[in-house]
Asker: 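Before I ask anything, here is the structure I am working with.
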Amino acid sequence: MKLKNNMKVLIVEDETKLALSLADHFKLGGHIPEISDTVATAAELVCVTHYDMILLDIMLPDGDGRAFLRSLRADHVQTPVIVMTARSEVSDRVDMLDFGADDYIVKPFDFAELEARCRAVLRRNIGASTTKDLVVGDITLNPLTAELQTPETCFTLRNRELRLLEIFMNAPNILFTKDQLADRLLSISETVNENTIEVYIGRIRKKLAGSSTRIETMRGIGYKLTSS
Ligand code: CA
């Protein structure tokens, strides 16, 4: 896929087979796909992490993709969105563009066409990205490049570390239980358990050594990011 590397793609689709084959396809292209099969999960994921692209189904078990899209735009989330629509819904395309979709594609589609549309949408969006660095205390995280700047050095985080630190940096001083963190890191193709969370917290802590910003353990309850 001739798209920039390591693109984070959120696939909002309740047809598991389609969702998984899209995810496989993006993975093969060197990207980081995540799947949500409901509006509720998608909304939560979008709150805690940055995506480069969202592929959005319309008929979802708990709601309408268009309403979700409208709420994203109302919240000033400018992530490019391509709506994946059934042929019977094509008359809705004006609606979709009105709701803030960047493009739409009619199911069933071939992946080459989807890629072409992704490229076109991303080209239009170059420079339009509103992603800002996250800053807490003496650390700065760029969600687009996954670069973490600490007083001592600069790291490039791997996907799960990035996601976890983003959750904390978007809500400093807020306590998260392990369950909450696991839910927010969850994607269909991968299970995240409490031990995994500990491993990632440990890795982030190593990187924050020497910084006055740290992840505190509230024993038996969870974690929070603090800065002194
Ligand atoms: Ca559907």
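Counting starts at 1 for both ligands and their atoms, following the listed order.
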Asker: Measure the shortest side-chain to side-chain distance between Leu164 and Tyr223 over non-hydrogen atoms and say whether it is less than 4.5 angstrom.
Answerer: no
Asker: Taking the Ca ion (ligand 1) as the vertex, what is the angle from OD1 of Asp14 to O of Met59, given to 10 degrees?
Answerer: 90°
Asker: Other than Ile221, which residues form its hydrophobic cluster under the rule that side-chain heavy atoms must be closer than 4.5 Å?
Answerer: Leu175, Met218
Asker: Walk me through whether Asp52 and Val9 qualify under side-chain contact (heavy atoms from CB on, under 4.5 Å).
Answerer: CA-CA 6 Å; Asp52 298 292; Val9 186; 5.9 Å; no
Asker: Do any of the N, O or S atoms of Glu13 sit under 3.0 Å from the Ca ion (ligand 1)?
Answerer: no
Asker: If you look at Asp57, which of its N/O/S atoms is nearest to the Ca ion (ligand 1)?
Answerer: OD2
Asker: Which pairs of donor and acceptor atoms, one on a side chain in residues 148-158, lie under 3.5 Å apart (sequence neighbours left out)?
Answerer:
from: Gln149; atom 1: NE2; to: Thr153; atom 2: O; distance (Å): 3.4
from: Thr150; atom 1: OG1; to: Glu152; atom 2: N; distance (Å): 3.3
from: Thr150; atom 1: OG1; to: Thr153; atom 2: N; distance (Å): 3.2
from: Thr150; atom 1: OG1; to: Thr153; atom 2: O; distance (Å): 3.1

Asker: Is there an N/O/S atom in Glu15 at a distance below 3.0 Å from the Ca ion (ligand 1)?
Answerer: no
